[in-house]
Asker: 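If you scroll down you'll find the structure; I have some questions about it.
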Amino acid sequence: MSLANLMSRQSSTNSGGDAPGQKTTMFFTPPMTDREFQELRRRIFDEIGIEIREHKKHLLINRLSKRLRHLGLQTFSDYLKFIEQSPQRRQEMIELVDAVTTNKTDFFREPKHFEILERQVLPDLMSDRRRSSRTLRVWSAASSSGEEPYSLAICLAEYLARQAGWKYELLASDISETILRAAVTGIYAEEKVRPVPAPLLRKYFLKGDGRFKVKPELAQTVTFKKINLKLDFQRALSGFDVIFCRNVLIYFNRESQHEIIAKHWHVLRPGGYLFLGHSETLHGCSIPFEYIAPSVYRKPVDA
Ligand SMILES: C[S@@+](CC[C@H](N)C(=O)[O-])C[C@H]1O[C@@H](n2cnc3c(N)ncnc32)[C@H](O)[C@@H]1O
């Protein structure tokens, strides 16, 4: 049975299971002056490229208050000094990234994408007579805790098992070192693996202690790496057939979104596919991707 069929069966027995809600605090929260807010926004934008909008000030206060408490600091002014001058500032920037990013993800999130990958994209890529290699190169560019790249690995392993001589290489990256460490372990609670169809769960996961671990044979097909999409990643990467860059562009302003899309264009091979999140679009973007389906695009073969 195809992966798409297994998934449609699964979704009818599945209630969805969203990730836990936003981070909040029940303790004393120090005030943040406008000057401190602007300075923190600037630091976050320079480091990650994410723009914290004015109406997110309270969310930022909530999330960073926990850091202040943890570090024993009284004010956001003290915190700003800490991230500029402390010998631990490098470590604190990692904590800051974790505090302001959202890692919500799921196995086979936006299942239609995996259906399009299996039914349309993989057959198209493999029928390209100009290919010199039988290795498909795929990148999950904001991989969070690993559910997206492991879903891709399952999809690719299942499909390529039916195509003699083909292999895949899968790169998974994120800016957060903490979330990448979690992804590498490949261990998930039972409710997290609910979207994985039962036969694939048995085939690709080990069960123990109420949790599920990705089997080493699958895990070793995924290479995890820290990559900041704001930086010039296109200098080090090239030749991808498929890029999943989903549910991360929404955090950037239009200018940064455009820059990131342009860099993805650069690292895709002609005829390669770009998948964005369902609420993300290339509408109004001047880069000449072909529209394939909602939030799915292709770099023209003659580009
Ligand atoms: C909401 S999750 C999306 C996960 C997955 N792509 C999905 O759609 O389920 C967004 C991820 O983007 C990462 N992220 C945020 N800013 C980033 C940046 N500048 N470079 C790389 N990753 C970033 C976050 O750490 C987080 O894990």
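Quick note: residue numbers are just sequence positions, from 1. Keep in mind that the numbers below use all heavy atoms, side chains included, and drop hydrogens, waters and symmetry copies. All ligand and atom numbering here is 1-based and tracks the order in the structure.
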Asker: For Y251, is at least one N or O under 3.5 Å away from an N or O on ligand 1?
Answerer: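 There is no such contact.
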Asker: Out of R67, Q74, E92, which residue meets the side chain to side chain donor-acceptor pair (under 3.5 Å) rule with Y79?
Answerer: E92
Asker: Going by salt bridge (Lys or Arg N to Asp or Glu O under 4.0 Å), R90 matches just one of E95, E84, E177. Which one?
Answerer: E177
Asker: Do me a favour and list the nearest non-hydrogen protein atom to atom 7 (C) of ligand 1 with residue, atom name and distance?
Answerer: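 Answer for atom 7 (C) of ligand 1: R109 NH1, 3.2 Å.
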Asker: Decide if atom NE2 of H258 counts as having more than 12 heavy atoms of other residues, nucleotides or ligands within a radius under 6.0 Å.
Answerer: yes
Asker: Please state which protein non-hydrogen atom is closest to atom 27 (O) of ligand 1 and give its distance, to 0.1 Å?
Answerer: D174 OD2, 2.7 Å
Asker: Which is closest to atom 5 (C) of ligand 1 by heavy-atom distance: S143, S144, A142?
Answerer: A142
Asker: Does the side chain of K81 reach to within under 4.5 Å of the side chain of D78, using non-hydrogen atoms?
Answerer: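 Side chain of K81 against side chain of D78, heavy atoms only: contact under 4.5 Å found.
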Asker: Among K167, R269, R137, which residue satisfies the salt bridge (Lys or Arg N to Asp or Glu O under 4.0 Å) criterion with D241?
Answerer: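 The option that passes is R269.
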Asker: Looking only at protein heavy atoms, which one is nearest to atom 2 (S) of ligand 1, and what is the separation?
Answerer: T102 O, 3.3 Å
Asker: Show, in sequence, the C-alpha distance, side-chain angles and deciding distance for Y168 and T221, and conclude whether the side chain to side chain donor-acceptor pair (under 3.5 Å) test is met.
Answerer: CA-CA 8 Å; Y168 68 90; T221 68; 2.8 Å; yes
Asker: So which protein heavy atom does atom 9 (O) of ligand 1 come closest to, and at what separation?
Answerer: T105 OG1, 2.6 Å
Asker: For V248, take its heavy atoms, then give the atoms of ligand 1 lying under 4.0 Å from any of them.
Answerer: 12 (O), 14 (N), 15 (C), 23 (C)
Asker: Tell me the protein heavy atom at minimum distance from atom 8 (O) of ligand 1, and give that distance in Å.
Answerer: N247 ND2, 2.7 Å
Asker: Mind checking whether K57 and L40 have side chains closer than 4.5 Å, heavy atoms only?
Answerer: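 With C-beta onward as the side chain, the pair stays apart.
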Asker: Answer yes or no: does an N/O atom from D106 fall short of 3.5 Å to an N/O atom of ligand 1?
Answerer: no
Asker: Determine whether the aromatic ring centres of residues W139 and F233 are separated by less than 6.0 angstrom.
Answerer: yes
Asker: Would F252 count as a contact of ligand 1 if the rule is a heavy atom under 4.0 Å away?
Answerer: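 For ligand 1, residue contact (heavy atoms, under 4.0 Å) with F252 is present.
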Asker: Tell me, which protein residue and heavy-atom name are nearest atom 23 (C) of ligand 1, and how many Å apart are they?
Answerer: I175 CG2, 3.4 Å
Asker: Using a strict 4.0 Å cut-off to heavy atoms of I50, name the atoms of ligand 1 that fall inside it.
Answerer: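 This gives 15 (C), 16 (N) as the contact atoms.
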Asker: Using distance alone, decide if ligand 1 has a nitrogen or oxygen within less than 3.5 Å of any nitrogen or oxygen in N228.
Answerer: yes
Asker: Could you say whether the N/O atoms of L229 and ligand 1 ever approach to under 3.5 Å?
Answerer: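 N/O-N/O distance below 3.5 Å exists for this pair.
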Asker: Flag I179 as yes when one of its N or O atoms lies below 3.5 Å from any N or O atom of ligand 1, and as no otherwise.
Answerer: no
Asker: Is the centre of the F76 ring less than 6.0 Å from the centre of the F82 ring?
Answerer: no
Asker: Measure from the ring center of F289 to the ring center of W265 and say whether it is less than 6.0 Å.
Answerer: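 Centroid distance F289-W265: below 6.0 Å, so yes.
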Asker: Between D124 and R298 (salt bridge meaning N to carboxylate O under 4.0 Å), is one present in this structure?
Answerer: yes
Asker: Counting only heavy atoms, which portion of V97 has something under 4.0 Å from ligand 1: side chain, backbone, both, or neither?
Answerer: neither
Asker: Hey, mind stepping through D174 and S143 against side chain to side chain donor-acceptor pair (under 3.5 Å) and telling me if it holds?
Answerer: CA-CA 6 Å; D174 201 281; S143 59; 4.6 Å; no
Asker: Considering the heavy atoms of T101, write down every atom of ligand 1 situated less than 4.0 Å from one of them.
Answerer: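 Ligand 1 atoms under the 4.0 Å threshold to T101: 15 (C), 24 (C), 25 (O).
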Asker: I need the atoms of ligand 1 closer than 4.0 Å to a non-hydrogen atom of E148, numbered in the order shown.
Answerer: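 Every atom of ligand 1 under 4.0 Å from some heavy atom of E148: 5 (C), 6 (N), 7 (C), 8 (O).
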Asker: To which protein heavy atom is atom 21 (C) of ligand 1 closest, and what is the distance rounded to 0.1 Å?
Answerer: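 That would be I227 O, 3.3 Å.
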Asker: Is a donor on one side and an acceptor on the other found under 3.5 Å between the side chain of E280 and the backbone of G277?
Answerer: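 A pair under 3.5 Å: yes.
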Asker: Below 4.0 angstrom from a heavy atom of N103, which ligand 1 atoms are there? Numbered from 1 as shown, please.
Answerer: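 Answer, ordered by atom number: 24 (C), 25 (O), 26 (C), 27 (O).
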Asker: Just to be sure I read this right, does ligand 1 sit under 4.0 Å from the backbone of R246, its side chain, both, or neither, counting only heavy atoms?
Answerer: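 It is both backbone and side chain that touch ligand 1.
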Asker: Compute the minimum heavy-atom distance from D98 to ligand 1 and say whether it is under 4.0 Å.
Answerer: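 Heavy atoms of D98 never come under 4.0 Å of ligand 1.
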